[in-house]
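Counting convention: from 1, in listed order, for ligands and their atoms alike. Basis for what follows: all heavy atoms, side chains included, without hydrogens, waters or symmetry-related copies.
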Amino acid sequence: MRSAISENLLRVTNSIETLKSSLGINYPIRLIAVSKLQPAEAIREAYDNGHRYFGENYVDELVQKASQLPNDIRWHMIGHLQSNKIKKLLSVPNLAAIETVDSIDLATKLNTQALKSRPNEKLNVFVQINTSNEATKSGITPENCHEIVSHIISNCSSLNFKGIMTIGLRGSAEDFVILNEAKRQICSVLSLEEREIELSMGMSGDYEEAIRNGSTNVRVGSLIFGERPKH
Ligand SMILES: *Cc1c(COP(=O)(O)O)cnc(C)c1O
């Protein structure tokens with residue numbers, strides 16, 4: 001019998017495929033199953049159904065789960081990252097991306113540690129943009145985003161700039177529009193191709209809307225794993 005998690009996962013992956021074909025999208029869309037505060041067994045279940053991309057918010061939790069689970073999982077760090085946790089986070093060999101680079105200083109420190117911890121492989125990073133302009137959210141303002149991207153590309157040889165990410169306000173498609181504008185701005189200032197820049201946006205309540213707005217990386221938690229246990 002299929003469990004709730006495998007059914008939920010199948011429902012979400014199917015809806016993404018359906019949307020892709022109805023919109024004629026021919027680029028890949030990555031589904032990050034957000035497993036924060038969920039037990040390792042829940043992740044294992046999704047893994048046994050073939051899923052490989054998981055997102056975690058807290059460094060200690062990610063490191064602990066990574067040590068208990070198969071090493072072909074592609075972990076995405078999607079929570080706020082403090083400098084004093086960088087070394088610990090980069091000790092995870094199958095860390096696939098950090099989505100929450102929100103300052104030039106953090107990028108510099110990540111670059112230095114990546115050179116030591118994983119000299120043979122560049123570290124994929126997304127720049128987090130605060131599209132909803134909330135003081136409580138991390139991320140840099142859309143107006144200044146090209147500066148940090150330029151810094152990563154020019155000065156951080158151990159980092160691979162993948163794209164930009166936003167959390168945004170729940171239920172507000174405005175954030176998706178602003179992230180797209182940020183992408184265009186980065187491309188025009190730095191002479192990059194638009195298809196070179198990924199957009200990480202969309203969660204359980206709005207991932208379909210995000211895909212309609214060009215998202216290439218959706219982060220879906222509760223729709224797959226159910227309500228989160230309290231911290
Ligand atoms: C928790 C979280 C998600 C997933 O949220 P759901 O609403 O459960 O899908 C996505 N992105 C970030 C950054 C999160 O912290």
Side-chain angles (χ1 to χ4, degrees), residues 4-16 19 29-40 42-43 45-46 51-66 73-82 85 89 95-103 106 110 124-140 142 145 162-176 178-179 182 198-231:
I5 290 175
S6 18
E7 276 175 16
N8 294 342
L9 185 61
L10 193 62
R11 203 174 311 118
V12 175
T13 47
N14 282 344
S15 88
I16 292 174
L19 252 181
I29 295 175
R30 195 180 301 106
L31 170 63
I32 305 295
V34 176
S35 46
K36 62 169 176 257
L37 308 181
Q38 301 289 354
I43 300 175
E45 220 171 296
H51 202 71
R52 292 297 178 268
Y53 292 96
F54 295 91
E56 288 283 342
N57 290 61
Y58 310 104
V59 171
D60 294 343
E61 195 182 333
L62 192 159
V63 169
Q64 209 214 345
K65 286 173 174 172
I73 284 180
R74 310 278 296 157
W75 294 105
H76 278 222
M77 172 62 185
I78 63 167
H80 181 62
L81 178 58
Q82 284 167 324
K85 297 277 184 178
L89 180 63
L95 177 71
I98 297 175
E99 297 204 16
T100 42
V101 177
D102 59 1
S103 72
L106 182 63
L110 275 172
N124 293 322
V125 295
F126 290 72
V127 168
Q128 181 177 357
I129 297 183
N130 185 351
T131 54
S132 48
N133 197 21
E134 291 164 278
T136 54
K137 289 223 170 88
S138 306
I140 50 162
C145 60
K162 283 283 276 184
I164 52 182
M165 175 271 205
T166 183
I167 298 176
L169 285 175
R170 215 162 271 273
S172 159
E174 178 70 12
D175 292 294
F176 304 152
I178 295 174
L179 202 67
E198 285 207 31
L199 296 180
S200 173
M201 57 187 197
M203 320 204 304
S204 287
D206 54 13
Y207 73 96
E208 291 172 307
E209 183 65 12
I211 289 171
R212 283 188 207 99
N213 282 277
S215 179
T216 61
N217 189 88
V218 291
R219 311 177 308 263
V220 179
S222 40
L223 214 54
I224 294 171
F225 294 109
E227 285 298 302
R228 275 183 284 279
K230 293 278 171 280
H231 204 12

Would you please determine whether L223 falls within less than 4.0 Å of ligand 1 on a heavy-atom basis? no
Backbone of G79 reached by a side-chain donor or acceptor of T100 within 3.5 Å: yes
Around atom 13 (C) of ligand 1, find the nearest protein heavy atom and jot down its residue, atom name and distance. I78 O, 3.5 Å
Short version for V220: what comes under 4.0 Å of ligand 1, heavy atoms counted, is backbone
Check for a donor-acceptor pair, side chain of S215 on one end and backbone N or O of M201 on the other, with a separation under 3.5 Å. yes
Determine whether any heavy atom of R228 lies closer than 4.0 Å to an atom of ligand 1. yes
In the protein, which heavy atom is nearest to atom 11 (N) of ligand 1, and how far is it? R219 NE, 2.9 Å
Okay, side chain of K65, backbone of Q38: is any donor-acceptor separation there less than 3.5 Å? yes
Taking 4.0 angstrom as the limit and counting only heavy atoms of G221, give me the atoms of ligand 1 inside it, by number and element. 4 (C), 6 (P), 8 (O), 9 (O)
Please write down residue, atom name and distance for the protein heavy atom closest to atom 9 (O) of ligand 1. S204 OG, 2.5 Å
Ligand-side contact atoms (ligand 1) for residue partner I167, heavy atom cut-off under 4.0 Å: 13 (C)
Classify the ring geometry of H76 against Y53: parallel below 30°, tilted from 30° to 60°, perpendicular beyond 60°. perpendicular
Can any side-chain N or O of D206 pair as donor or acceptor with the backbone N or O of M203 at less than 3.5 Å? yes
Regarding ligand 1, does M165 bring an N or O atom to under 3.5 Å of one of the ligand's N or O atoms? no
In a check of side-chain contact (heavy atoms from CB on, under 4.5 Å) between T13 and each of V220, L31, N8, I224, which one passes? L31
Residue pair Q128 / S138, side-chain donor-acceptor N/O under 3.5 Å: no
In the protein, which heavy atom is nearest to atom 2 (C) of ligand 1, and how far is it? K36 NZ, 2.5 Å
If we number the atoms of ligand 1 from 1 as shown, the ones under 4.0 Å from a heavy atom of N57 are 14 (C), 15 (O)
Check: R219 side chain, V34 main-chain N or O, donor-acceptor pair, under 3.5 Å: no
For atom 10 (C) of ligand 1, the closest protein heavy atom turns out to be M203 SD, 3.2 Å
